Structures are given as structure tokens and as C-alpha cells.
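Quick notes on the structure that follows.
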Amino acid sequence: MRGRGYNEICDIIADSQILVVNTDYDNWNGGTYGYTVYVNLPVTKYSTLTSDKIAEAERQLGESLNEVSGDSNSYFLVKITPILSRTDIDWGVIGGESGKSKLKQSIETVRNIMISVATGGSRIQDENDRYQKLHNDIVTNCKKLNLTYNNTYVKLWDWYGKWKADFPTWQERRAYIHELFSPTLAYFEEVETSQNMDTLVELSEWERIERTIIKFKKDSMSAHNEEDFQGVGLLCRETIISLAQAVYNPTIHGQLDEAGVAISKTDAVRMISNYLSVKLAGTSHEEMRAYAKTANKLANMLTHKRTASKRDMMLVTSATISLINFIGILEDKY
């Protein structure tokens with residue numbers, strides 16, 4: 001279509017979410033299948049198009065799809081529709097970014113409470129009042145923002161009735177809750193992906209470090225529960241150990257720490273501390289040494305936490321990336 005000059009329609013496609021649904025079937029002459037292709041546009045984009053432009057785009061898209069399908073037993077219809085996207089949301093109606101952050105935290109708290117009471121964690125009696133208050137606030141704010149919120153369980157006892165009837169295992173209950181909340185939390189994905197997760201240095205000679213970075217970045221995006229968060233933390237810990245082993249040389253940086261304790265091959269805190277003391281020696285580098293050592297200690301402290309939250313996970317990944325960038329720059333890997 002771009003080659004034929006339909007640039008405006010191609011721009012519509014580029015801004016859209018596509019959903020294809022089998023909406024018709026005629027069993028005559030071997031059967032014919034009809035498909036509706038829903039081209040869902042952000043409200044702000046959809047509102048710039050006239051009804052005539054929408055109708056013409058639907059017609060041309062449908063004709064092009066039918067031309068290239070090469071299948072006489074199927075046909076396509078196109079429907080361009082508006083859909084609320086993150087770019088359409090006016091967070092100002094609930095207090096801007098602070099209101100957005102608070103709402104997201106409340107939604108995650110309600111989700112975690114529902115999982116906890118259904119999987120042998122908290123008792124309903126202890127959590128129901130807090131749950132109801134948070135749930136009511138979420139419903140109110142989501143209505144103001146026109147956000148989808150599929151949780152219709154006003155009380156935890158309502159949720160209890162559902163899981164007792166339909167979900168005998170803890171795994172089924174967790175999966176149901178994550179699916180229930182994912183459409184709402186999708187509106188907040190921009191916050192999660194905008195965190196500083198980029199390395200600024202060249203990692204070609206640090207292949208092990210590069211592999212674990214790729215792994216914990218991927219895992220952090222799909223992490224949902226305490227075990228997932230802890231798993232990302234452990235990957236960060238392994239990354240820091242690999243980083244320390246890559247730059248620490250006992251002959252140059254010393255085999256003992258400041259207190260005279262021997263440094264083991266997996267003691268990332270002491271290895272990096274000694275490395276920095278040599279690499280950034282002198283009073284002129286005092287602030288830089290303090291910064292790097294703090295990032296190092298923070299990352300290692302968080303990886304050893306017995307209980308982990310999403311906040312802990314995001315802090316440890318940020319601290320780990322920061323430390324890699326800092327030491328990579330010291331090693332002239334840029």
C-alpha cells in the first residue's frame with residue numbers, strides 16, 4: 001500500500017493495534033470464512049479522521065487484504081475503531097504523575113492481597129478492610145480516567161467464593177489474578193520500561209556480564225511475584241560478581257581488605273572496593289569512590305534480602321546497571 005501511494009492509511013496502521021477475529025462462516029461449497037480486522041487507533045488519532053476518511057480507509061484496507069490473501073474460501077472486512085491508549089490518558093484528573101504512581105501501587109497491592117489470601121498467606125479477616133478501601137478508591141479513579149478495571153470482587157469473601165468454586169490449585173488462582181489485572185496495569189507499562197536499564201559501555205569483552213544483563217532485563221519485565229523478584233536479584237548478584245572478577249587483580253589491588261580480611265573469588269563487595277581504592281586513589285576522587293562503593297553495597301544488600309518486592313527488584317537492577325556503567329567507564333570501555 002505504501003508503494004501504491006496510500007501513505008495516510010499506512011500511517012493509520014503504524015499507530016494502531018490490530019485484532020483479527022473470525023466473525024462469519026458459510027458452509028456452502030466447502031465453507032467460506034469471514035474475518036473482521038479491527039484496526040484500533042488511539043482516541044487522539046481517531047478523532048482527527050473524518051467519517052469519510054475512515055470509511056475510505058476501511059474499504060481500501062479490506063480490498064488490499066482480499067487481493068493478497070489468494071484464498072477464495074476466505075474474505076476480510078476492516079473496522080477502524082477508537083481505543084483508549086496510554087497517550088490518551090489525562091493523569092491530571094487524579095493529580096498527575098504522583099496520582100498515577102499512587103494508583104498503580106494501589107492496584108498492585110490489591111492484586112497481591114488477592115493472591116496472598118488465596119495461596120496460604122494473609123487471612124481474609126486481617127486484610128478485608130484494607131482491601132475494600134483500596135478497591136473502592138481504584139474503582140473511583142479508574143472511572144475518572146476511563147480505564148478498564150476488571151476486578152469486580154467488592155469484598156475478599158467474594159473472591160473466596162470464586163476460587164473455592166473454580167480454582168482448586170494455588171497456581172490457577174495466581175494465573176487468574178494476573179490475567180484479571182493485566183489490562184489495567186498495561187496502562188502503566190510506560191513507567192516500568194522508562195527506568196534506566198541501559199548500559200552505556202561496550203560489553204564485547206565482558207560476554208558473561210552481557211549475557212546476565214540480557215537475562216535479568218528480560219526477567220524483570222515479566223516478574224510478578226516474590227520468587228520472580230528474588231530470581232532477578234540473584235541474577236544481578238551474579239552479574240556483580242562477574243564484574244568484580246573482570247576488573248579485580250589481587251596482585252595490583254591487594255589480597256586483603258582494609259581490615260586485613262582475605263578476599264575470596266566471589267566477594268564482589270571487597271573486590272570492587274579494593275579495585276576502586278587503587279583505580280580512584282587520592283582525595284580528588286573521594287566522591288566518585290563513595291558513589292561507586294555505595295552502589296556496590298546497595299546492589300549486594302538487595303540481592304541478599306530474604307523477602308523481595310517489585311520496588312526492591314527495580315532498585316537492584318538500577319544499582320547494578322549503574323555500577324556496570326561506572327566501572328566500564330573507568331576501564332575506558334566507551
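By convention here, the first residue in the shown sequence is residue 1. Keep in mind that what you see is a predicted model, and the values were worked out from it rather than measured.
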**Study point:** Side chain proximity check, K79 to V39, heavy atoms < 4.5 angstrom
**Key:**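 Side-chain contact under 4.5 Å: no.
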
Check your understanding: Just wondering, do M1 and L61 contact through their side chains at under 4.5 Å, heavy atoms?
Key ->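 Yes; the side chains approach each other to less than 4.5 Å.
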
**Study point:** Shortest non-hydrogen separation from T320 to C236 and the atoms involved
**Key:**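 Looks like OG1-CB, 3.4 Å.
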
Point to revise | Nearest atoms (heavy-atom pairs only) where S74 meets N66 | key: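 In terms of heavy atoms, the two residues are closest at O-OD1, 4.4 Å.
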
Exercise for review: Might you work through the side-chain hydrogen bond (donor to acceptor under 3.5 Å, both in side chains) test for N128 and Q132, ending with a clear yes or no?
Suggested key: CA-CA 6 Å; N128 195 56; Q132 283 189 263; 2.9 Å; yes

Check your understanding: Do D24 and Y75 have side-chain N/O donor and acceptor atoms under 3.5 Å apart?
Key ->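 Yes, side-chain donor-acceptor contact under 3.5 Å.
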
Practice item. Verify salt bridge (Lys or Arg N to Asp or Glu O under 4.0 Å) between K133 and D137, making sure each step is shown before the conclusion. Key: CA-CA 6 Å; K133 183 180 184 308; D137 289 343; 3.3 Å; yes

Practice item. Check side-chain contact (heavy atoms from CB on, under 4.5 Å) between S264 and all other residues, then give those that pass, not counting sequence neighbours. Key: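 Scan of S264 (side-chain contact (heavy atoms from CB on, under 4.5 Å), adjacent residues dropped) gives T266, D267.
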
Review point. Looking at residues at least two apart in the chain, or sitting in another chain, which of them share a side-chain contact (heavy atoms from CB on, under 4.5 Å) with D90?
Key: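 V93.
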
Check your understanding: Which pairs, with at least one residue in residues 32-52 and sequence neighbours excluded, count as a salt bridge (Lys or Arg N to Asp or Glu O under 4.0 Å)?
Key ->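 Qualifying pairs: D15-K45.
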
Check your understanding: Between K155 and D158, is there a salt bridge with N-O shorter than 4.0 Å?
Key ->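 K155 and D158: not salt-bridged.
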
**Study point:** Ionic contact status for R130 with E127, cut-off 4.0 Å
**Key:**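 Yes.
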
Review point. Mind checking whether Y33 and Y35 have parallel, tilted or perpendicular rings, split at 30° and 60°?
Key: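 Parallel, since the angle between the ring planes stays under 30°.
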
Check your understanding: Once the angle between the rings of F167 and Y176 is folded into 0 to 90°, is it parallel (under 30°), tilted (30 to 60°) or perpendicular (over 60°)?
Key ->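 It falls in the tilted class, 30° to 60°.
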
Check your understanding: Out of curiosity, does W163 fall in the hydrophobic cluster containing I115 (side-chain heavy atoms, cut-off under 4.5 Å, transitive links)?
Key ->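 As far as the 4.5 Å side-chain criterion goes, W163 and I115 are connected within one cluster.
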
Check your understanding: Checking ring pair (Phe, Tyr, Trp, His ring centres under 6.0 Å) for the pair Y149/H135: CA distance, chi angles, key distance, verdict?
Key -> CA-CA 10 Å; Y149 185 61; H135 174 75; 5.7 Å; yes

Check your understanding: Can you list the steps and then say if T169 with E172 is a side-chain hydrogen bond (donor to acceptor under 3.5 Å, both in side chains)?
Key -> CA-CA 5 Å; T169 69; E172 289 174 310; 3.1 Å; yes

